[in-house]
Structures are given as structure tokens and as C-alpha cells.
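The block underneath contains the structure these notes are about, expressed in C-alpha cells.
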2 protein chains.
Amino acid sequence: MSVLSTKERILNSTEKIISEKGFTGISLRTISAIAKTNLAAVNYHFGNKENLIEMVLERRLDNLFELRVKLLDELEAGSENPCNLKQVLQAFITPALTMSNDNHQGGKQFMEVLARAYAEKSDFLHDLLSKRYADVIKRFANAIQRSRPNLNKRVVFWRFHFIMGSLIYVMADFGASSRSNELSDSEYFNICCNELVDFAYNSLSE
Amino acid sequence: MSVLSTKERILNSTEKIISEKGFTGISLRTISAIAKTNLAAVNYHFGNKENLIEMVLERRLDNLFELRVKLLDELEAGSENPCNLKQVLQAFITPALTMSNDNHQGGKQFMEVLARAYAEKSDFLHDLLSKRYADVIKRFANAIQRSRPNLNKRVVFWRFHFIMGSLIYVMADFGASSRSNELSDSEYFNICCNELVDFAYNSLSE
DNA sequence: TTACAATTCAAACGATTGTTTGAGCCATAA
DNA sequence: TTATGGCTCAAACAATCGTTTGAATTGTAA
């Protein structure tokens with residue numbers, strides 16, 4: 001097991017605290033305590049609190065969108081043209097849910113952070129999505145469009161956004177209230193993933 | 001125009017501030033200032049900050065679910081049996097979006113508060129949904145089930161939750177980034193409402 | 001080893017937070 | 001008028017916040 005740098009430990013503990021207590025419950029003193037470092041280390045490494053939170057978002061979102069792009073690339077390089085819609089949706093949804101199921105690497109915590117950032121209308125997150133990742137989102141929207149040529153372009157656009165809404169809802173475990181206790185985490189997320197893909201696929205039927 | 005009581009003014013200004021700056025940005029001093037009253041009035045009328053926020057949620061949610069129930073009652077009293085699925089979905093979705101479009105009465109602000117409360121995993125909200133409103137949600141789920149007897153009960157359950165996810169996403173204006181500037185608020189929400197109902201209806205096709 | 005930069009640390013800063021206090025205001029009822 | 005109770009107010013409380021400072025420590029290259 002590798003030893004984590006102070007910077008990494010701070011990012012991890014921030015992620016953990018936000019996912020547990022939300023943005024309201026954050027304090028740099030708690031963060032530094034859990035990261036087993038000094039209070040001033042946070043400002044030393046990240047400048048200020050706002051920047052720290054932004055770095056938490058950036059670190060993971062880059063991974064998430066990288067993975068999505070990779071899967072879409074593979075699909076578009078394949079023989080099917082247009083791509084199989086269900087696979088396109090899987091390429092978008094699965095990485096997010098895989099991440100949120102990856103407790104070991106803190107992915108689950110991050111997904112909750114992400115959902116909270118959405119709710120808080122983080123300007124930084126907004127910029128990230130509308131600039132850095134806009135192309136990826138557009139690529140997915142186009143791939144969906146091509147496989148459903150008879151659907152109005154505007155309608156596809158709306159539904160893709162609704163699907164993203166459901167995804168965020170699930171990721172953040174919003175519906176946890178309704179979750180059965182008999183399922184393990186990985187079982188739950190497998191079912192969830194399948195159900196969500198089917199749901200999305202169905203919603204895009206012509 | 002009626003004169004609002006101090007209590008009402010405090011509730012309204014709290015709603016406004018949360019919707020603008022999120023739960024993070026709340027301060028009782030700002031709240032009392034906007035409510036044009038004294039700082040101590042908040043504690044006098046609501047005991048403490050947490051209780052104040054809970055009262056904001058409760059006041060509006062009661063209205064929302066009352067309206068949903070009323071619409072469902074009307075449908076189930078009608079001639080169609082089972083109820084028309086699209087109308088059931090409308091009875092669930094429309095009140096929420098009407099509220100979020102009702103700027104004058106602060107409904108829009110509340111919907112953003114609600115979405116933030118979801119993200120913050122408010123225990124109070126959780127209890128409200130799983131206790132006080134659980135019956136209503138179950139009634140809607142059953143109504144959907146009856147109109148789609150061939151769909152697995154578990155599948156209906158999942159999809160209803162996904163639909164709620166999309167609804168919250170839309171209510172909180174999460175997708176505002178992608179919103180065209182040429183539409184007025186009411187035009188936007190009309191389209192949004194129709195698209196969401198169609199989306200939900202489609203996702204529940206057999 | 002020495003010198004220098006990077007990092008960590010305890011301590012303090014001023015600002016802001018939720019809450020409490022007790023005096024004052026203002027209506028209504030005796 | 002006087003007395004009472006609901007309400008508002010300015011002021012102060014202790015606690016916590018993010019940030020800064022300067023000294024101590026660590027790691028690295030000469």
C-alpha cells in the first residue's frame with residue numbers, strides 16, 4: 001500500500017466529509033484532522049477553501065469523462081453504424097455508477113459530492129460541464145440522435161437531460177429511503193445500473 | 001395586499017436565501033435583515049435555525065402533496081379504470097412544476113430549496129417523505145402499476161423513482177446551463193412539463 | 001556536512017456564526 | 001388608567017470559522 005501525500009490525504013478527507021455532512025458541515029479543521037495534518041497545510045497546498053473543493057471535483061470528473069470517452073470511442077470504432085443505443089447509454093451511465101460503487105477508492109463519496117455540487121449550483125462545476133466536458137456530452141447526444149433519427153432533435157436533447165437527472169439522483173443515493181436492506185452494495189448497484197439503462201433506453205423509444 | 005406576519009416574512013426570506021445561496025450561505029442575520037425584523041425574532045418564533053429550515057420545507061410540501069392527492073382523487077373518481085397513465089403522471093409532475101413556476105408566491109424558490117434538501121440528505125425531509133407522504137407516493141405507484149399490469153412491480157418501482165429524480169433535477173433548474181435564452185419562464189416550464197410527462201410516459205411503455 | 005527550499009506546525013488574527021438576555025414597546029382587557 | 005402578555009429590539013455571549021504568520025522541521029542537492 002502506497003503512502004499518500006498530504007495533498008492527496010486532504011482531498012480524500014474533504015471528499016469524505018462533504019459526502020457525509022454536505023457542504024454545510026465542512027470545516028478546514030475537521031478536514032485537516034481527518035487527513036492527519038495541520039490546519040495550515042490546507043491553505044498551503046490549496047490556497048483557500050473554495051479552491052480545495054474545486055480540486056476535489058476536478059480530480060474525479062476528469063477520470064469519469066475520460067472513461068466515458070474511451071467507451072464511446074470503442075463503440076464508434078465498432079462495426080455497428082449507428083451505434084447500438086443501449087450500449088451508448090451504458091457507456092454514459094456505467095462509468096458513473098461503477099465509480100459510485102467503488103468504495104475502496106472513494107468513488108462513492110465523490111458521487112455524493114458531485115450531486116451536492118449540482119444542488120449548490122457550483123459555478124465551478126457549471127463551467128467545467130459547459131466548457132471542458134461540453135464536447136463529450138454533445139458527442140453522446142449526437143450518438144443517441146443517430147440511432148433514433150425519427151426522434152425530434154429537441155426531444156432527444158430533453159430526454160438526455162432527464163436521464164442525467166435520474167443518474168445524479170441515483171448516484172447521490174437520494175432514493176436510499178426506498179432501498180431494500182437485503183442487498184449488498186454491489187448487488188444493489190448492479191441492479192440499479194441495469195434498471196437505469198433499461199429505463200433510459202425505453203424513454204428514448206420512437 | 002395583506003400585511004405579512006413576522007413569522008411569514010422570516011419563512012419567506014429564508015426560502016429566498018436558501019434558493020439563492022444554498023444551505024451554505026445561510027445566516028440568521030441575513031434572514032432577519034431581509035425579513036425586516038430583528039435577529040432575535042428568528043429564535044423567538046422558531047427556537048433555532050434547524051427548526052426554521054424544517055418549517056420552510058413543511059409549509060410548502062404539505063401544499064404540494066395536498067394538490068397531488070386532489071388530482072389523483074379526481075382521476076380515480078372518473079370513469080376510466082384503470083386511470084389513464086399519462087394523466088396519473090401529470091397529476092404527480094404538474095403540481096411540482098407549477099409550483100416551481102410560481103415566482104409570485106415564492107414557489108420557484110421553494111423548489112430549489114427542496115432540491116438542495118434532497119442533496120443535503122436532510123433527515124427531516126427523509127422522515128417527511130417516508131412517513132407523512134409515504135401513502136401518497138404509494139398510491140401513485142399503485143395507480144401506475146394498475147395501468148401497466150404487464151410490467152414487473154419492481155420495475156415500476158424503479159422507474160417511478162427515476163422519474164422523481166428527473167423531476168427534482170428539473171425543479172432545481174439543474175440543467176439551466178442548457179436552457180435557451182429565447183424562452184420566457186412560463187414558456188420554458190410549459191415545454192419542460194410536457195416533455196417530462198412524455199418522457200415519463202415513454203419510459204413506462206411495456 | 002552545509003545550504004537552501006519545501007513542508008509542517010502551533011499560535012494567533014479578525015470576522016462571523018447561532019443563541020441568550022433583559023429592557024422596552026404596544027396592543028388588549030380589567 | 002393600569003396591568004398583562006405577546007412581541008421587538010440592541011447588545012452581548014461564547015464558539016467556530018477561514019486565513020495568516022513565523023518559527024521549526026524535513027528533504028534535497030551541492
Side-chain angles (χ1 to χ4, degrees), chain A residues 1-59 109 113 116-117 119-125, chain B residues 1-59 109 113 116-117 119-125:
Chain A
M1 178 186 160
S2 68
V3 173
L4 299 178
S5 69
T6 303
K7 215 167 168 177
E8 286 171 314
R9 292 202 317 277
I10 292 174
L11 285 173
N12 289 341
S13 75
T14 307
E15 219 170 53
K16 188 178 177 200
I17 293 167
I18 297 180
S19 84
E20 282 173 2
K21 318 214 171 180
F23 285 106
T24 316
I26 282 192
S27 113
L28 295 189
R29 281 171 178 80
T30 319
I31 288 175
S32 58
I34 293 185
K36 291 192 193 305
T37 183
N38 186 271
L39 168 62
V42 181
N43 291 76
Y44 175 77
H45 285 287
F46 296 95
N48 57 36
K49 189 185 179 183
E50 192 186 353
N51 192 252
L52 165 64
I53 296 175
E54 292 175 357
M55 291 305 106
V56 170
L57 289 174
E58 193 170 290
R59 175 176 69 149
Q109 281 142 17
V113 173
R116 285 165 191 272
E120 288 291 327
K121 298 193 187 186
S122 149
D123 284 340
F124 180 77
L125 175 61
Chain B
M1 180 185 161
S2 70
V3 173
L4 299 177
S5 69
T6 303
K7 215 168 169 176
E8 288 171 312
R9 294 203 314 278
I10 292 174
L11 284 173
N12 290 340
S13 76
T14 307
E15 219 170 54
K16 188 178 177 202
I17 293 167
I18 297 181
S19 83
E20 282 173 0
K21 317 214 173 184
F23 285 106
T24 317
I26 282 191
S27 115
L28 295 189
R29 280 170 180 80
T30 319
I31 289 175
S32 58
I34 292 185
K36 291 192 193 304
T37 184
N38 185 270
L39 169 62
V42 181
N43 292 76
Y44 175 79
H45 285 286
F46 296 95
N48 57 36
K49 188 184 178 182
E50 192 185 353
N51 192 254
L52 165 64
I53 295 175
E54 292 176 358
M55 291 306 107
V56 170
L57 288 174
E58 194 170 290
R59 176 177 68 151
Q109 280 142 18
V113 174
R116 285 165 190 273
E120 288 292 326
K121 297 192 187 186
S122 149
D123 284 340
F124 180 79
L125 175 61

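Throughout, protein chains are lettered first and strands after them, A, B, ... in sequence-line order, and every chain is numbered starting at 1. Remember, it's a predicted structure, so these values are computed and weren't measured experimentally.
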query: Are B/Thr6 and D/dC7 close enough that a side-chain N or O sits under 4.0 Å from OP1 or OP2?
result: no

Residue pair A/Thr14 / A/Val42, side-chain heavy-atom distance below 4.5 Å: no

- line: What residues 39-56 of chain B contributes to the DNA chain D interface at heavy-atom separation below 4.0 Å is B/Ala40, B/Tyr44, B/His45

query: What do the steps show when you test B/Ile53 against B/Phe124 for side chain to side chain contact (heavy atoms under 4.5 Å, CB included), and what is the final call?
result: CA-CA 10 Å; B/Ile53 295 175; B/Phe124 180 79; over 6 Å; no

query: According to the side chain to side chain donor-acceptor pair (under 3.5 Å) rule, which pairs have a member within residues 29-47 of chain A, sequence neighbours left out?
result: A/Ser27-A/Thr30

- request: Would you jot down, in residue-number order, the residues of residues 7-34 of chain A having a non-hydrogen atom under 4.0 Å from DNA chain C?
  value: A/Arg29

message: Are the side chains of B/Thr6 and B/Arg9 in contact, using a 4.5 Å heavy-atom criterion?
response: yes

- request: Determine, step by step, whether A/Glu15 and A/Arg59 satisfy the side chain to side chain contact (heavy atoms under 4.5 Å, CB included) criterion, reporting the C-alpha distance in whole Å, the side-chain angles of both residues, the deciding distance to 0.1 Å, and the verdict.
  value: CA-CA 11 Å; A/Glu15 219 170 53; A/Arg59 175 176 69 149; 3.5 Å; yes

- request: Anything under 4.0 Å to a heavy atom of chain A counts; send over the first and last such nucleotide of DNA chain C, read 5' to 3'.
  value: C/dA6 to C/dA12

Counterpart residues, side-chain hydrogen bond (donor to acceptor under 3.5 Å, both in side chains), relative to B/Glu50 (two or more places apart): none

query: Taking atom C1' of D/dC7 as reference, at what distance in whole Å does atom CG of B/Leu4 sit?
result: 17 Å

task: With sequence neighbours excluded, tell me which residues meet salt bridge (charged side-chain N to carboxylate O under 4.0 Å, His left out) with B/Glu58.
output: B/Arg132

- prompt: Looking at CD1 of B/Ile26 and CD1 of B/Ile18, how far apart are the two atoms once the value is rounded to the nearest 0.5 Å?
  reply: 3.5 Å

- prompt: Would you say B/Leu52 and B/Leu11 make side-chain contact, with heavy atoms under 4.5 Å?
  reply: yes

query: Are side-chain heavy atoms of B/Lys7 and B/Phe46 found at a separation under 4.5 Å?
result: yes

